[in-house]
Number of protein chains: 2
Amino acid sequence: MSSVQVPRFRHEALGVTLQVRPNTLCSRLCVLAWRRPRDPFLGRWALPGGPVEAGETIEQCVRREVDTRLDLAVMAHMEQLATYSDPGRDPMQRTIGTAYLGLVPADVDACLPDEAAWLPVDALPAMAFDHAAMVADGVARMRAKLSYTNVAFALAPAEFTIATLRDLYSAALGYEVEATNLQRVLTRRGQLVATGERQRSGRTGGRPAAVYRFATRTLEVTDPFATLRPHG
Amino acid sequence: MSSVQVPRFRHEALGVTLQVRPNTLCSRLCVLAWRRPRDPFLGRWALPGGPVEAGETIEQCVRREVDTRLDLAVMAHMEQLATYSDPGRDPMQRTIGTAYLGLVPADVDACLPDEAAWLPVDALPAMAFDHAAMVADGVARMRAKLSYTNVAFALAPAEFTIATLRDLYSAALGYEVEATNLQRVLTRRGQLVATGERQRSGRTGGRPAAVYRFATRTLEVTDPFATLRPHG
DNA sequence: ACAAAAGTGTTTGCCGTACACCCATGG
DNA sequence: CCATGGGTGTACGGCAAACACTTTTGT
């Protein structure tokens, strides 16, 4: 009973790590990347990642690569995105790659090595391999989930005001969101809990804002889109 | 410049192939499986699939495995589900597996080899490896997409009556759906097109049913669940 | 008193459900 | 003419968007 030889592949794990980061005036949704120190694509921006080791899952590999190599151990949410298997996606050697989406709260300011940076996703430079497609997939997934789950907990600080949350949603979604309706929708879905505290008003006056927390900080589907529900 | 040796993996592609099939009285949602002819899990039910070859994508591999090995070349829709990488998922050798969801129209009756069969997903027998989880993921994905896309085109015959479609949705979703509202929802979303033809009424009488087609037979999101939409 | 920012009330419109009612055919 | 199944009309409830209006602060 001889078993036929089957091909074996280099398998890499990539992290699409997103964070809403302050900018001049407004905030922007950014993705963690670093400059490649070698060919192929020397000097091009690439996602952090690396080859899967023998005894680990792909998710463990992503965590290891993103956490250690970039001094960042604060992923509030992580989920698998997709696996990319085009034979030509790595010009040097056949490599299958699995991308994970990771979200980092806005108040985390990890110190990055020199070769790493946060790139704004709406003005992304040319990227190595098929990493631009992975970023696009990750952003699309996050945006969709902002609509029907509580993922925003992974982008927000532990405590926040509605105005802060409004800016966060606007940056993450890519268009302006109204604070009024945002509060109403999230309240109706039971996502928001008032801490009872109030934030001091700024130098220009104005009513002090109430401080909120997310009710739960693990992923939940708050608005199941099931049209055609079971009746009765 | 010595490159460190990285581990290489056997990579397999699995197909979660779903079809709504007639049964005594009602229809049932079924998944294509076959009995394993060897260890591990000899005799257990398993999903069709096999090792990815050197020059092909994972999707090409699934199509090849499902189409040729099971005499079935009529997948109306296919999409990637997820990649499973637990080191112990294959007790014999480390294998990473990527599952694809495939949908077959209800009027297709492919002839299966003896060792293959359609298993009802709501009474699934014990399965080999982590294939039961893959089936669960595939069914969940399909059910979600029935709500906000036109995937039903991939489960339905080219032409059908509303009553037929109602049975199809009921079997696929796992609960009863009302024909009245189904028609209204799909019509409002522009998915249904009347062919103008009518079906002869049965032996018990009754008004003859109008015959419909799906407007498009490629996947489209017909009900984007974006709450917090761009305003203006 | 006035400006600024936060938060609530109210209106409007859409969508999905439920259910009553009308339509067309076989017997 | 009646039973059977197909299809439409209509009312209700929930949700989200828009916007006016009140509340609470700093200057």
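Values below: all heavy atoms of this structure, side chains included; hydrogens, waters and symmetry mates excluded. Numbers restart at 1 for each chain; the letters A, B, ... are given by sequence-line order, proteins then strands.
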*Which pairs count as ring-ring contact (aromatic ring centres under 6.0 Å, His included) when at least one residue sits in residues 197-216 of chain B, sequence neighbours excluded?*
B:F160-B:F214

*Under 4.0 angstrom, heavy atoms only, what part of the nucleic acid is B:T161 near: base, sugar-phosphate, or nothing?*
nothing

*Name all residues meeting the ring-ring contact (aromatic ring centres under 6.0 Å, His included) criterion together with B:F153; count only those two or more places apart in sequence or in a different chain, and write none if there are none.*
none

*asked:* What I'd like to find out is whether the side chain of A:L112 reaches to under 4.5 Å of the side chain of A:L32, using heavy atoms alone.
replied: yes

*asked:* What's the closest nucleotide to the side chain of A:T204 if the choices are C:dA5, C:dG7, D:dT4?
replied: C:dA5

_Side chain of B:R207, heavy atoms from C-beta onward: which of C:dG7, D:dG9, C:dA24 has the nearest atom to it?_
C:dA24

_Quick check on side chain to side chain contact (heavy atoms under 4.5 Å, CB included): which of B:L81, B:I58, B:V16, B:L14 does B:Y100 satisfy it with?_
B:I58

*Roughly, in whole Å, what's the span from CG in B:L186 to C1' in D:dG7?*
15 Å

*Of B:A163 and A:N181, whose closest DNA chain D nucleotide lies nearer the 5' terminus?*
B:A163

*asked:* Rounded to whole Å, how long is the line connecting atom CG of B:L165 with atom C1' of D:dG7?
replied: 15 Å

*Closer to the 5' end of DNA chain C via nearest nucleotide, is it A:P208 or A:R184?*
A:P208

*Tell me: CD of A:E178 to C1' of D:dA20, nearest whole Å?*
13 Å

*Determine, step by step, whether B:E176 and B:R166 satisfy the salt bridge (charged side-chain N to carboxylate O under 4.0 Å, His left out) criterion, reporting the C-alpha distance in whole Å, the side-chain angles of both residues, the deciding distance to 0.1 Å, and the verdict.*
CA-CA 8 Å; B:E176 290 302 299; B:R166 191 201 81 89; 3.1 Å; yes

*asked:* Closest-nucleotide mapping onto DNA chain D: is A:R200 or A:L182 further toward the 5' terminus? I mean the 5' end.
replied: A:L182

*Under 3.5 Å donor-acceptor, A:W45 side chain and A:A128 backbone*: no

*asked:* Any base atoms under 4.0 Å from A:A179, or only sugar-phosphate, or nothing? Heavy atoms, all strands.
replied: nothing

*Could you say whether A:V211 or B:G206 is positioned toward the 5' end of DNA chain C, judged by the nucleotide with the nearest heavy atom to each?*
A:V211

*Any donor-acceptor pair under 3.5 Å joining the side chain of B:R166 to the base of D:dG6?*
no

*Please state how far atom CZ in A:R198 lies from atom P in D:dG26, giving the value in whole angstrom units.*
13 Å

*Side-chain touch B:L165/B:L186, heavy atoms, less than 4.5 angstrom*: yes

*Positions of residues 188-197 of chain A (non-hydrogen atom under 4.0 Å from DNA chain D), listed by number*: A:R188, A:R189

*Send over the distance from B:Y175 OH to C:dG16 C1', rounded to a whole Å.*
12 Å

*Proximity to the side chain of A:Q183 - top-ranked nucleotide from C:dA6, D:dG7, C:dT8*: C:dT8

